[in-house]
Number of protein chains: 2
Amino acid sequence: MVTIKDIAARLQVSPSTVGRALADDPRISGATKKKVTEVANEMGYVANLAARMMRGISSNLVGLVLPDIRNGFYSTIAHALSTCLQGAGLQLTLSETEDDRMVELHHIRELISANVAGIIIVPTAKPHRDTVRMLKMSPHVQLIRRHAAIGDQWFGIDDTQAIYEATNHLVQLGHRRIGYVGGIDELPTGAARLQGFHKALPRGAKLGSALVQLGAPGSADFGREAARHLLSLAAPPTAIVAGSVQITQGVLEELMAQGVRAPDDISVVGFGDELGFRWWGPGLTTVGLPVSDLATSCGLWFVHQIKQNSFTSAPYTSISPATLIVRGSTRPFVAASKERAGAPLRGAAA
Amino acid sequence: MVTIKDIAARLQVSPSTVGRALADDPRISGATKKKVTEVANEMGYVANLAARMMRGISSNLVGLVLPDIRNGFYSTIAHALSTCLQGAGLQLTLSETEDDRMVELHHIRELISANVAGIIIVPTAKPHRDTVRMLKMSPHVQLIRRHAAIGDQWFGIDDTQAIYEATNHLVQLGHRRIGYVGGIDELPTGAARLQGFHKALPRGAKLGSALVQLGAPGSADFGREAARHLLSLAAPPTAIVAGSVQITQGVLEELMAQGVRAPDDISVVGFGDELGFRWWGPGLTTVGLPVSDLATSCGLWFVHQIKQNSFTSAPYTSISPATLIVRGSTRPFVAASKERAGAPLRGAAA
DNA sequence: ATGAAAGCGCTAACAG
DNA sequence: CTGTTAGCGCTTTCAT
């Protein structure tokens, strides 16, 4: 391993001169700097981060803590952040919680002890108190989900508006018996989305509690089950709103498996615009989320905070609006269509 | 920040005693150990990783270097590895290269200087020589793509076989004019897949070089362009094989945009089984890749190597086979179908 | 069984 | 402009 000392010896100068030259210290002559950088490159010098960190400088690591990277939603975020941070010389570490608060705690512990420069987190429903405590030891920001105890620095989507748009679209089309399959309302996002759903329903809408199905937002399986349940009702909904990416996936799979066709048999509005949603049946009408932009602004802001070292706990909130993307999976409700009850609902596949 | 010294002062012992007690050194009496650990907990002592690293102990960080995390292929890998490593107390850092060798070099430099415990890499086509040199400074393993200079430790897919299966399926169905859209053959994966394509073609197959389109495997746009080109040929192919996930995406999009319908107008075989591929048209016949299993075994092996500290450069190669998933996008070639030439090829959308 | 002391590589005073 | 020196917190000889 090439150290600053080796370079110094080779150039017959003192280690500090080399150190300063490498740090582009204004007190060092251009000639010396040039020589030093030259030799450094030639010898393949790589600064030892550990030593640097011991001098109090926090590492260049930023922890990204999220439920599951396989979710296109989150991998988009990871990509955007990675790009942002790289520009600032920061490295991203990836920690998956699987929405388990103990796993989350474990990761935060690791990150703090690794002296990370900051943490970007999509918190679980109920973070452990130690998680909250430790987060305060480092600059941090919440993404997508927001938990009051963790702090007031948050970048997210207007969840209520997103599902409102989705639901309202169906209402405008004349649907009244609308099913909603979404994340549990213990999750801030789950609660906000559910609220958007209710807000959009007109007084006339028949809202049996059976039409609202809540479960794990990260589970496509839950989406399938919930869809199956809705379809099996004596009076199944004429339209379904999905409240998370994974749930949308599950719902779509179930509909396809049962041979239920959109928009003829049922109207569907999804959440997020994953690859393939446009390919599903006649094209899925869905809520488009500005995930990439959101993550980018979060990244830029965070880098700024870290660089300025002015990580005051001044609240900062950024809410991005979602936009409805209308494709073929929704259409006006036709009261006359008798075939929308019980067994006949199922298509040829059943 | 509580240090070993603080504890020592509090207990009226020397720092080294505390250090040893914490390290469970056999030379320390049980009583002292007990007291030390007690006080350490009480004071909230957390070992300083930086200082430890300076003593040569490598960090608990493992670098994952890949082209683009948004690719479902790679996010699946990241997830599997993250899970593996977490079990071993290791943290994963994410570095995206965007298939740019200089970016790759930059990342490797960072990782080495961060004293990572190891590096798992999907190398770019032609890694920089410094990248290769630095990789040798740390335990490492190649995933998916394999570059001879980097080493003999590799976990990948049998690319040749994968595309062979895909192509052969079409050949068996009677197709003779088959188009291939794949990654550049400078990439080991690109070359292997192209080889599989050629291997599967019978002597009778008309292979105009125009039928083989090579480009950036990570670019859906390239896939679109290539597909557009193939469709515009005077004698367009009766079937297309796609040679990467992104390319598959692009090809599918273009076919859909032009209103070309599979399997009636053309047969298509994709690469990988992304979410949504099953939803495309009649369901995409595609090559299923055991990505998750592959990454898991890679992770397990790597953890083992790191733990054993026996990172001998003993070659280790693991090749996983791909399996063809037949859905609706392919069907026997029917010679009589006249409408498969020039303008009439395009459907209603054109 | 415990202490003292010497670094690991780097940076930041403090001197020239 | 450059050199000297003194640590950062920990481990690890070498002494007691």
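Taking a cutoff of 4.0 Å between a charged side-chain nitrogen and a carboxylate oxygen, A:Glu42 and A:Arg10 qualify as a salt bridge.
Aromatic ring centroids of B:Phe155 and B:Trp301 lie under 6.0 Å apart.
Residue A:Lys33 places its NZ atom among more than 12 non-hydrogen atoms of other residues, nucleotides or ligands, all under 6.0 Å distant.
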Heavy-atom protein contacts under 4.0 Å, nucleotides 1-11 of chain C, coded B base, S sugar-phosphate only, - none: SBBB--BBBBB

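For the pair B:Thr124 and B:Asp100, the minimum side-chain heavy-atom distance is 4.5 Å or more.
The CG-P distance, from A:Asp25 to D:dT2, rounds to 10 Å in whole Å. Between B:Asn115 atom CG and D:dC10 atom C1' there is a gap of 14 Å when expressed in whole angstrom units.
Every pair passing salt bridge (charged side-chain N to carboxylate O under 4.0 Å, His left out) that includes a residue from residues 122-146 of chain A is listed here, sequence neighbours excluded: A:Asp99-A:Arg145, A:Asp130-A:Arg133.
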